[in-house]
Participant: 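Following this message is one structure expressed as structure tokens.
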Amino acid sequence: MLQKPRGTRDFLPDEMESRREVESTMRKVSATWGYREICTPEFEELDLFTVRSGEGIIQEMYVFEDKGGRKLALRPELTAPVLRMYVNEGKTLPKPLRWYYFADCFRYERPQKGRYRQFWQFGVELIGADTPFAEAEVIMLAHEILSSCDISFTLHVGHLSFMRILLKELDPADQKRARMFLDKRDTAGLEEYLSSRDQSSLSERLISLAGCRNLEEVFSITGDFPERGRIEELFTILDQSGIHYTLNPGIARGLDYYTGMVFEAFAENLGAENQVLGGGTYRLAHLFGGEDTPSCGFAIGFDRIMVARGEKPAEVGKSVGVACTGEGRSWALHVARKFREAGIRTLFDLTGKSIGQQLSGISRFAVYAVIIGSREQETRTVTLKDLHSGVQKTLSLQDALSEVCGDDTR
RNA sequence: GCCAGGGUGGGGUAGUUGGUUAUCCUAGGGGACUGUGGAUCCCCCGACCCGGGUUCGAGUCUCGGCCCUGGCCCCA
């Protein structure tokens, strides 16, 4: 028997419905903030991703050559494609651009809990606004989306300037190593590394920086620097917004293109892969041939959200099943059509068996049965049975429709 | 790429030291049953992940691969 490729999943209707429910919540929230959906190709030129992230990621991607010999890759993420799209066709649109996407991505990695080779991301990019308000808006939107997903999470907000100030004397390779240690909260590793570089005093300052939970402490370590005012303004807005977050100067993020604010969110129930969101302020457009454009955004690991939510059956809508005898068939078809026109999920019996057996089938998926035989056909009525209470009555079609439609508890 | 633990009908499972026709539950299909439901009874369907090796004989032992679960690495 053929298997599905490693790290991919099939989704049955129950799971698909609950995924769509969450997805639709994310879309709705984003829409209320004025963000509009975009879509980019499933695959792109390989260079788009290597320009941004380096050659090293080739082994983590699905890379292939098409019949014309072009080197292509299934997208491993969406920020680069979105910014490529912006450079290609968004430059003349009025700024700022508020875009969101919901799309699948592919990474050739070892699957584990919450990590698959095909996975879905919901993300937002705010392009062309370079203010504390822009950064705050993106964080607040992220917070609202996560809150609407019915999971418990913690939101950490940081800024790369703090670390940069302390690290500016080191050469770039050492800076990068030091950031990685901090990002992983590996203080022992950091101390060891920096003392091998004769920078022991630095590691102490870095570690206390990473432990800071308010700005005064941070600035007492870093001293004053030009961006201070802007950073203070950003956090003032966050405080005024009332969202719950933690200041975390230890966030470094993996990549070099982040320029300032960075933030991450973590959920429970997730094991080793518990980060559900990551984002920040960055500059990428110039890498793809555009003007240097300030942007910020975030991406949500949709599948991890679903894991963190746990088993939650999706809402079942109202539904009726139509059972009929041979004599009642033509009237039953008409009745079914009317129910569907009223927006009710309506399943017609396909077995042609006895009424009892039809009801037996219907009761497995519907809360109402509509029974049509020769009596109903002659009098143009329907027999509506509530399968929960067992109560049934014979009504006009119109009354049956309003009974089903009007009863919101079903 | 690395480590640990796994893989028996669709799902969940039993299977002793290697020994007859691989156990049970559930789901699914059919029937009893063409004007009143989820019940019951009967019947059916359906599995040892793949390949090599050891053996008279392998679900069981062994090697390799694939896949799953979790962890490491990485995390754009």
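Residue numbering restarts at 1 for every chain, and letters A, B, ... go by the order of the sequence lines. The figures here come from the full heavy-atom set of this structure, side chains too, leaving out hydrogens, waters and symmetry mates.
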Participant: Counting only heavy atoms not in A:Y62, do more than 12 sit closer than 6.0 Å to its OH atom?
Facilitator: yes

Participant: Rounding to a whole Å, what distance do you find between A:R9:CZ and B:U69:C1'?
Facilitator: 14 Å

Participant: Using the C1' atoms only, state how far B:C44 lies from B:G9, rounded to an integer number of Å.
Facilitator: 14 Å

Participant: Which listed nucleotide (B:C72, B:C74, B:U36) is nearest to the side chain of A:R110?
Facilitator: B:C72

Participant: Using whole Å, what does the distance between atom P of nucleotide B:U34 and atom CD1 of A:I355 come to?
Facilitator: 11 Å

Participant: Given that both distances must come in under 3.5 Å, which nucleotide forms a Watson-Crick or G-U wobble pair with B:U17?
Facilitator: none

Participant: Does A:E273 reach a base, just sugar-phosphate, or nothing at all? Heavy atoms under 4.0 Å.
Facilitator: base

Participant: Heavy atoms, side chains only, cut-off 4.5 Å: are A:R6 and A:R110 in contact?
Facilitator: yes

Participant: In whole Å, I'd like the distance from the CZ atom of A:R117 to the P atom of B:C66.
Facilitator: 11 Å

Participant: Classify the nucleic acid contact of A:T79 as base, sugar-phosphate or nothing, counting any heavy atom under 4.0 Å across all strands shown.
Facilitator: nothing

Participant: In whole angstrom, what separates A:R6's CZ from B:C50's C1'?
Facilitator: 16 Å

Participant: For A:Q59, answer base if it contacts any base atom (sugar-phosphate contacts may also be present), sugar-phosphate if it contacts only those atoms, and nothing otherwise; contact means non-hydrogen atoms under 4.0 Å.
Facilitator: nothing

Participant: More than 12 foreign heavy atoms under 6.0 Å from CZ of A:R340: is that the case here?
Facilitator: yes

Participant: P atom, B:C50 versus B:A4: distance in rounded Å?
Facilitator: 24 Å

Participant: Would the distance check show the side chain of A:D303 and the main-chain N or O of A:M306 forming a donor-acceptor pair, the cut-off being under 3.5 Å?
Facilitator: no

Participant: Among B:C74, B:G35, B:G28, which is the nearest nucleotide to the side chain of A:R364?
Facilitator: B:G28

Participant: Using the side-chain heavy atoms of A:L359, tell me which of these nucleotides is nearest: B:G70, B:G37, B:U34.
Facilitator: B:G37

Participant: Around A:H286, counting heavy atoms of other residues, nucleotides and ligands shown, do more than 12 lie under 6.0 Å from its NE2?
Facilitator: yes

Participant: Please give the nucleotide sitting opposite B:C45 as a Watson-Crick or G-U wobble pair, both distances under 3.5 Å, or none.
Facilitator: none

Participant: Counting the atoms with a prime plus P, OP1 and OP2 as sugar-phosphate, which does A:G373 contact under 4.0 Å by heavy atoms, base, sugar-phosphate, or nothing?
Facilitator: base

Participant: Quickly work out the A:K113 NZ to B:G70 P distance and round it to whole Å.
Facilitator: 6 Å

Participant: Does the base of B:C75 carry an N or O that pairs as donor and acceptor with the side chain of A:R115 under 3.5 Å?
Facilitator: yes

Participant: In this structure, how many angstroms lie between the P atom of B:C33 and the CD1 atom of A:I362, rounded?
Facilitator: 20 Å

Participant: Suppose you measure atom P in B:C24 against the same atom in B:C67; what distance do you get, rounded to whole Å?
Facilitator: 34 Å

Participant: Pick base, sugar-phosphate or nothing for A:G279, based on heavy-atom distances below 4.0 Å to the nucleic acid.
Facilitator: nothing

Participant: Ignoring hydrogens and geometry beyond distance, is the side chain of A:Q357 in donor-acceptor contact with the base of B:U34 at under 3.5 Å?
Facilitator: no

Participant: Need the pair for B:U69. Rule: Watson-Crick or G-U wobble, both distances under 3.5 Å, any strand; none if unpaired.
Facilitator: B:A4

Participant: Touch check for A:E327, heavy atoms < 4.0 angstrom, all strands: base, sugar-phosphate only, or nothing?
Facilitator: nothing

Participant: Can you check the distance between B:A47 and B:A27, where both ends of the measurement are the C1' atom (answer in whole Å)?
Facilitator: 15 Å

Participant: Could you please name the option among B:G37, B:C67, B:G71 that lies closest to any side-chain atom of A:Q112?
Facilitator: B:G71

Participant: For a quick check of understanding: with a heavy-atom distance under 4.0 Å over all strands, which category does A:Q358 fall into, base, sugar-phosphate or nothing?
Facilitator: nothing

Participant: Work out how far the P atom of B:A58 is from that of B:G51, and round it to whole angstrom.
Facilitator: 14 Å

Participant: What is the nucleic acid contact for A:S360, judged by heavy atoms within less than 4.0 Å: base, sugar-phosphate only, or nothing?
Facilitator: sugar-phosphate

Participant: Sort out for me which residue in A:W120, A:Y101, A:F102 forms a ring-ring contact (aromatic ring centres under 6.0 Å, His included) with A:F302.
Facilitator: A:F102

Participant: Please report, rounded to the nearest Å, how far the C1' atom of B:C75 is from the CZ atom of A:F266.
Facilitator: 12 Å

Participant: Relative to each other, are the rings of A:F122 and A:Y100 parallel, tilted or perpendicular (30° and 60° limits)?
Facilitator: parallel

Participant: Between B:C45 and B:G64, how far is it from one P atom to the other, in whole Å?
Facilitator: 39 Å

Participant: On RNA chain B, nearest-nucleotide positions of A:R107 versus A:K353: which is more 5'?
Facilitator: A:K353

Participant: Answer with base, sugar-phosphate or nothing: what part of the nucleic acid does A:K4 contact at a heavy-atom distance below 4.0 Å?
Facilitator: nothing

Participant: A:G390 near the nucleic acid: base, sugar-phosphate alone, or nothing, with a heavy-atom cut-off under 4.0 Å?
Facilitator: base

Participant: Rounded to whole Å, please give me the gap between CD1 in A:I371 and P in B:G37.
Facilitator: 9 Å

Participant: Using purine N1 to pyrimidine N3 plus N6-O4 or O6-N4 for Watson-Crick, or N1-O2 and O6-N3 for G-U wobble, each under 3.5 Å, what pairs with B:G57?
Facilitator: none

Participant: Rounded to whole angstrom, note down the C1' distance from B:G12 over to B:G18.
Facilitator: 27 Å

Participant: Using atom P in both nucleotides, what's the gap between B:G10 and B:C66 to the nearest angstrom?
Facilitator: 23 Å

Participant: So do A:R304 and A:F119 actually touch side chain to side chain, heavy atoms under 4.5 Å?
Facilitator: no

